[in-house]
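Along the sequence shown, the residues carry numbers beginning at 1.
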Amino acid sequence: MEQKPKLLIVDDEESIRTQMKWALIDDYDVYLAADADKAMQLVHAKKPHLVTLDLGLPPTPSDPREGLDLLAKILHFEPGAKVMVVTGDPDKKTALEAVAHGAHDYFTKPIDIEELKMSLRRAHYIYTLEAEHRAMSIRLQQQGFSAIIGSCRPMQKIFDAVRKVATTDVPVLVTGESGTGKELVAMAIHKQSARQGKPFVPINCGAIPETLMESELFGHEKGAFTGAHVQRKGKVEQADGGTLFLDEIGELAPALQVKLLRFLQDHTIERVGGRRTIEVDVRIIAATNKDLVRLIEEGLFREDLYYRLAVVNIELPPLRERGEDKVLLAKSFLQKFGDSRAGPRHLSREAVEAINAHDWPGNVRELENRMRRAITLAEGPSITPSDLGLEETAGTAMRLDLRKAREELETRYVNMALVKHNGNITKAAEELGLTRPTLHSMMKKYGIVTQR
């Protein structure tokens with residue numbers, strides 16, 4: 001039997017606790033607390049997914065400080081919990097302060113139960129997404145994907161492709177826009193391969209002058225040219241037994257393309273200034289953000305080298321096409337770069353909207369840099385669009401019309417219900433509080449198709 005979400009209700013008024021309990025007990029495992037001490041006992045014992053928190057708690061119900069202090073304690077012990085703040089103060093200033101300190105949402109008394117139910121469902125959906133992401137991150141770390149974060153369908157396809165090619169020794173070409181994580185994918189392939197105990201050697205083909213590139217790749221003998229005072233192994237030899245990662249392969253000069261092709265054909269090299277043939281056992285992974293097919297048409301890249309390198313082609317999606325991964329990545333950077341001495345930091349609702357609305361031309365690298373900036377500049381515990389340098393994007397996000405927002409929410413909930421009930425229309429309609437014909441109509445309207 002599927003377990004219900006755990007909900008902790010914290011309120012000093014027994015009548016409100018009881019009313020909320022009986023309104024929500026069918027959908028949640030409900031726990032009740034009248035004060036901060038009892039609330040923290042239940043947080044430690046039950047680890048609730050959701051919390052409704054009255055800010056006016058004993059011993060001073062008229063002062064919201066007790067509730068705000070409890071909010072900080074709950075989030076410190078259970079950072080994934082979604083806390084819905086409840087206040088009897090018609091002035092929203094304190095409630096907004098609570099949201100700035102990590103509360104998921106707020107309500108003013110008297111509470112509209114139907115509105116609360118809807119908000120709790122949304123909060124639990126987000127909680128579930130984040131929990132799945134954390135579990136997936138652990139699994140990916142165990143499987144050699146520790147540096148890659150992604151739960152969207154395109155990234156799941158990338159993970160599947162990496163698992164498959166890692167068991168082989170074929171050359172792989174990783175393509176995608178700048179900043180999408182091509183080197184991380186190359187490292188994941190290496191870590192899951194039989195070569196994982198041997199070197200992973202990267203070289204950026206666009207960062208080294210053409211006159212030095214041959215020596216960098218293949219090494220040189222002593223006296224081969226001015227300044228060659230000692231014999232030196234190149235990147236290919238350094239990677240012997242392991243993986244050579246050729247980043248920005250589209251920048252490689254034509255003369256070196258010929259020599260690289262020769263190495264891929266016979267797995268031997270000659271150092272610059274040398275006459276001895278050296279056998280090297282290396283797996284090649286190349287990457288580029290350029291269109292190599294177009295470069296071939298323009299005569300700038302060898303077609304035979306392309307087919308040698310692109311035995312398997314893994315194309316990384318841009319960040320703008322990765323859905324909720326954008327916010328998951330932002331939160332992971334917040335955790336990675338945040339200073340624990342400054343206390344917990346949170347993304348404000350406006351920051352989340354701005355992150356989702358931005359096009360991210362620099363992809364994950366841009367997001368990482370903006371999060372570093374935000375952590376440095378933020379004056380309080382809440383990250384704002386201004387901290388991220390996304391004020392204009394935030395304005396665009398806020399101009400979403402109500403009709404579009406409703407359509408997006410309806411589409412999401414219909415899909416969730418259908419997935420939950422394995423495509424059973426009747427049960428999904430029941431879950432959503434709709435009639436079967438109404439659900440059919442919505443599915444037709446939004447182009448939702450389900451398979452039983």
Side-chain angles (χ1 to χ4, degrees), residues 4-120 122-124 126-127 338-349 378-383:
K4 296 179 182 178
K6 297 177 185 178
L7 169 64
L8 170 61
I9 297 172
V10 186
D11 199 294
D12 64 334
E13 295 185 44
E14 184 177 359
S15 61
I16 292 180
R17 293 198 306 272
T18 303
Q19 177 193 8
M20 291 176 67
K21 174 184 176 181
W22 292 114
L24 299 168
I25 199 166
D26 288 343
D27 299 316
Y28 302 93
D29 283 336
V30 180
Y31 306 96
L32 305 177
D35 56 46
D37 289 341
K38 179 63 175 177
M40 284 311 299
Q41 288 175 19
L42 288 168
V43 169
H44 283 270
K46 303 299 181 181
K47 297 181 173 57
H49 311 141
L50 306 167
V51 180
T52 64
L53 172 61
D54 183 10
L55 291 179
L57 294 174
T60 53
S62 60
D63 185 354
R65 290 298 114 192
E66 186 76 16
L68 291 171
D69 288 345
L70 178 57
L71 169 66
K73 290 176 183 176
I74 291 171
L75 292 177
H76 179 76
F77 183 79
E78 198 65 23
K82 301 302 171 192
V83 182
M84 325 290 284
V85 164
V86 180
T87 176
D89 187 351
D91 182 359
K92 296 178 181 178
K93 183 179 178 182
T94 305
L96 292 173
E97 182 183 351
V99 170
H101 283 77
H104 180 73
D105 206 344
Y106 71 89
F107 292 88
T108 54
K109 294 180 180 179
I111 298 171
D112 182 323
I113 290 295
E114 291 306 313
E115 185 182 354
L116 177 62
K117 284 182 177 180
M118 176 64 79
S119 189
L120 285 171
R122 286 199 303 264
H124 184 251
I126 293 170
Y127 175 90
D339 186 347
S340 59
R341 293 170 296 179
R345 286 269 174 83
H346 310 277
L347 291 170
S348 68
R349 188 179 306 179
E379 295 181 353
S382 185
I383 300 293

Inset, instruction - Looking only at non-hydrogen atoms, find the nearest pair between Leu70 and Ala39 and report the distance. - result: CD2-CB, 3.9 Å
Inset, instruction - Sequence neighbours left out, what passes side chain to side chain contact (heavy atoms under 4.5 Å, CB included) with Ala378? Give chain and number order. - result: Arg345, Ile383, Asp387
Legend entry - Val10 vs Thr52 side-chain heavy atoms within contact, under 4.5 Å: no
Inset, instruction - Using the test salt bridge (charged side-chain N to carboxylate O under 4.0 Å, His left out), find all partners of Glu66 that sit at least two apart in sequence or belong to another chain. - result: none
Inset, instruction - Check Thr87 against Leu55 and note the closest heavy-atom contact, atom names and distance. - result: CB-CD1, 4.4 Å
Inset, instruction - Report the C-alpha distance between Leu68 and Val85 in whole Å, list the side-chain angles of each, state the deciding distance to 0.1 Å, and finish with yes or no for side-chain contact (heavy atoms from CB on, under 4.5 Å). - result: CA-CA 9 Å; Leu68 291 171; Val85 164; over 6 Å; no
Inset, instruction - Could you tell me which residues satisfy side chain to side chain contact (heavy atoms under 4.5 Å, CB included) with Ala123, sequence neighbours excluded, listed by chain and number? - result: Leu50, Lys82, Met84, His104
Inset, instruction - Hey, could you give me each pair passing side chain to side chain donor-acceptor pair (under 3.5 Å) that has a residue in residues 24-43? Not counting sequence neighbours. - result: none
Inset, instruction - Please name all residues satisfying side chain to side chain contact (heavy atoms under 4.5 Å, CB included) with Asp63, sequence neighbours left out, ordered by chain then number. - result: Thr60, Arg65
Legend entry - Nearest heavy atoms of Pro64 and Thr94, plus distance in Å: CB-CG2, 3.5 Å
Legend entry - Where at least one partner belongs to residues 106-117, residue pairs that pass side chain to side chain donor-acceptor pair (under 3.5 Å), sequence neighbours excluded: Asp11-Lys109, Asp54-Lys109
Inset, instruction - Keeping the roles fixed (side chain from Lys21, backbone from Ile9), state whether a donor-acceptor pair exists under 3.5 Å. - result: no
Inset, instruction - Could you pull out the closest heavy-atom pair between Gly80 and Tyr127, with the gap in Å? - result: O-CD1, 3.1 Å
Inset, instruction - Before giving the answer on side-chain contact (heavy atoms from CB on, under 4.5 Å), spell out for Leu53 and Val86 the whole-Å C-alpha distance, their side-chain angles and the decisive distance to 0.1 Å. - result: CA-CA 6 Å; Leu53 172 61; Val86 180; over 6 Å; no
Inset, instruction - Please examine the side chains of His346 and Val99, heavy atoms only from C-beta on, and report whether any two atoms are closer than 4.5 Å. - result: no
Inset, instruction - Determine the minimum heavy-atom distance between Ala81 and Pro48, stating which atoms define it. - result: CB-O, 3.7 Å
Legend entry - Separation of Leu96 CG from His101 NE2 (nearest 0.5 Å): 12.5 Å
Inset, instruction - Search all heavy atoms of Lys46 against all heavy atoms of Lys6 and return the closest pair with its distance. - result: O-NZ, 3.0 Å
Inset, instruction - Would you mind reporting whether Val51 and Leu7 have side-chain heavy atoms less than 4.5 Å apart? - result: no
